[in-house]
Amino acid sequence: MRMLLLSSCLFMGGLAHAANDLPGGGIDPQALSRHVRILASDEFEGRAPATAGEARTVQYLIEEFKKYGLQPGGVDGSWVQPVPMVRAQVDGPVRAQLRQKGRTRALVNGEDVTLQSLRPQQAVDIRNAPLVFVGYGIDAPERHWNDYKDVDLHGKIAVVLINDADFEADPPGAFDGKAVTYYGRWTYKFEEAARRGAQGVLIVHETAPAAYGWATVKSSGTSPLFDIERSPEQALAQHVPVRGWMQRHLAEQLFADAGLDFEAEKRKAMTPAFKPVALGDAQLSVGFRLKREQVVTRNVVAKLPGGAHADEAVIFSAHWDAFGIGQPDAKGDRIRRGAIDNATGVATVLELGRVFAAGPQPQRTLYFVALTAEEKGLLGASYYAAHPLAPLDKTAAVLNIEMFSPDGPTRDIASWGNGRVSLEGDLARVAKARGRTYSPDPNLEAGFFYRADHFAFARLGVPAITIGPGLDMREGGVEKGRELRDAYFAACYHQACDAWTPDWDASGHAADTLLVYDLGAELANSRRWPHWEEGSEFGKVREQSEASRR
């Protein structure tokens, strides 16, 4: 039955590549569904790093890799790469008050705002800090853009917009139109405000430019934060005392009480002439205790040693973590199971490990890596990239997998963002050979290129992409695919309802995994090195590593 399920997906493309032509009987959709069901079960408690859910996850992955005959690829001959981090979480209630025009308003954490801190401190105690609107909070000299001008943010809370200045601009300006740049990411905004000495940062949430709703902000913003280990001096320089998000309706009222129109000020912020503006006499007071502790989480690493070119590597990766146990949803469910995001990716890495291990020895060494703490800022991938288990200059490519679909087969496959890397063309070619097509990311405004683990490798010059599902459903077309995608991001992304169900259709997941296998097998046995194309900001780093390799 399982082979019929997959074959129906493959043959519909018009090219007779049977699944059992592959080693190990080919990609098994039932195995993929089983992995997702287990990893997203309540027993795994949402797979949060440094929890009992992590322990169960790591053990399951090791047992599966061992079963397939792979070798441990971690530190000192083990299956894991320890990733030392700091976990910071709010300890107790959050007090937040907004004082403006002689009135004081209590703000509810999780409803009006989300407030957190990674600052090395036992408590946050901010009293009457003035609020300053700094537009998109971007300083990009190469684009002749500086939202901050000469404003002094010491002792003040910076209020910033999400995304970058081109998202709603017509025509596009200094950035990349609808395609968000790294300057549009919330991580950058927090970092830049810290560099400028701000007391805190509040990002105004809007669903379209953020690419997710407030429910996702609440879920993420009320979960523990993680950071890589830093010296006290580095941590103080890297993090503002308080950071978070505010609802748009709160921002509108805040601006109105300051005699400003939110939409009008946002339009001004879309131009390089924008200057920061104080939000009247608005002041924010925030108080909460912090629980900080050093923890060790783990990347799980298996490898299949190569032959003639064993010193060269190809990495297949996916993040195993989700959001663990959090606040109850409307049904009282507290477990954020992360079935689509990203048990599907982990299932693909496991199944690829099984199939490759059943076949002939590859020429390059293959690494199958389940990464930790992606949801905390790509921390597991960043740690690996800083402490690689295979030299980065000998790593031919990283194929990262995210969020394959449970909704059945599509005519296409996609990758995240516009990477300007030859792997995108390679993926298009192997898709065509299976009677399918490649679709460039249709949502460049969501900034997915900067939101997946491949980015940690790309920024260091390693050709890397994240592969995800297409939208052109075999039943319902693009319209149906968009409908399903939008419904997921609106209702279940990072929330309890991202769960495996008995009607899960893994045929599309299996067909997409097959294309990753095809591309991976080609890379595993090729003398060709993928490359960054003209216009990529990562090409120069790779060129330097290639020069050193020669």
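We number each residue from 1, following the sequence as shown. Computed from a prediction, not measured in an experiment: that's the story for all the values here. Values reported hereafter were calculated over all heavy atoms of this structure, with side chains retained and with hydrogens, waters and symmetry mates removed.
No side-chain heavy atom of K376 sits less than 4.5 Å from a side-chain heavy atom of M85. Between L389 and V75 there is a side-chain heavy-atom pair separated by less than 4.5 Å. In this structure, the side chains of R527 and Q363 stay at 4.5 Å or more apart for every pair of heavy atoms. T372 has its side chain out of reach of F226: every pair of non-hydrogen atoms, C-beta onward, lies at least 4.5 Å apart. Residues H509 and T344 have side chains in contact (heavy-atom distance under 4.5 Å, counting atoms from C-beta outward). Residues I467 and F404 form a side-chain contact, since some pair of their non-hydrogen atoms from C-beta on lies under 4.5 Å apart. With contacts defined as side-chain heavy-atom distances shorter than 4.5 Å, the pair Y517/E351 does not qualify. Q495 is listed as a side-chain neighbour of T216, based on a closest heavy-atom distance under 4.5 Å.
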TODO: Evaluate the side chain to side chain donor-acceptor pair (under 3.5 Å) criterion for residues D505 and S507: first the C-alpha distance (whole Å), next the side-chain angles of each, then the deciding distance (0.1 Å), finally the verdict.
DONE: CA-CA 6 Å; D505 182 353; S507 61; 2.7 Å; yes
Task: Candidate pair T181 and Y450, rule side chain to side chain donor-acceptor pair (under 3.5 Å), full reasoning - done: CA-CA 8 Å; T181 66; Y450 310 101; 5.9 Å; no
Open item on the list: Under the criterion side chain to side chain contact (heavy atoms under 4.5 Å, CB included), I'd like the reasoning laid out for Y212 against V217: C-alpha separation, chi angles, the key distance, then a yes or no.
Closed with: CA-CA 8 Å; Y212 40 78; V217 175; 3.9 Å; yes
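Ion pairing between a basic and an acidic side chain is recognised when a charged N comes within 4.0 Å of a carboxylate O; R87 and E293 show such pairing. Salt bridge E54/R298: present, at least one basic N to carboxylate O contact under 4.0 Å. Remark: D42 engages R337 in a salt bridge, criterion side-chain N to carboxylate O under 4.0 Å. Using a 4.0 Å cut-off between a side-chain N of Lys or Arg and a carboxylate O of Asp or Glu, D512 and R436 qualify as a salt bridge. With respect to the salt-bridge test (charged N to carboxylate O, under 4.0 angstrom), the residues K480 and E483 qualify. A salt bridge does not link E402 with R451: every distance from a Lys NZ or Arg NE/NH1/NH2 to an Asp or Glu carboxylate oxygen is 4.0 Å or more.
Ring centroids of F449 and Y182 are separated by 6.0 Å or more, keeping the two rings apart.
Taking CH2 of W500 as the reference point, atom CD1 of I38 lies at 10.0 Å (rounded to 0.5 Å).
In this structure, the side chain of T57 engages the main chain of G53 through a donor-acceptor pair within 3.5 Å. Using a distance-only test at 3.5 Å, with no hydrogens or angles considered, no donor-acceptor pair links the side chain of T114 to the main chain of T222. With hydrogens and angles ignored, the 3.5 Å screen pairs a side-chain donor or acceptor of N342 with a backbone N or O of G345. Remark: the backbone N or O of G338 is paired with a side-chain donor or acceptor of R47 at under 3.5 angstrom. No side-chain donor-acceptor contact under 3.5 Å links W214 to the backbone of T207.
A side-chain hydrogen bond (donor to acceptor under 3.5 Å, both in side chains) with S223 is found for exactly one of R336, Q116, Q89, namely R336. Put simply, the residue from V369, V349, I62 that forms a side chain to side chain contact (heavy atoms under 4.5 Å, CB included) with V300 is I62. Each of N400, D341, D453 was evaluated against H319; a single residue qualifies, D341, per the side-chain hydrogen bond (donor to acceptor under 3.5 Å, both in side chains) test.
Counted by atom type alone, S439 and R411 present zero donor-acceptor pairs between their side chains at under 3.5 Å. Inspection of the S219 and Y493 side chains reveals no N or O donor paired with an N or O acceptor under 3.5 Å.
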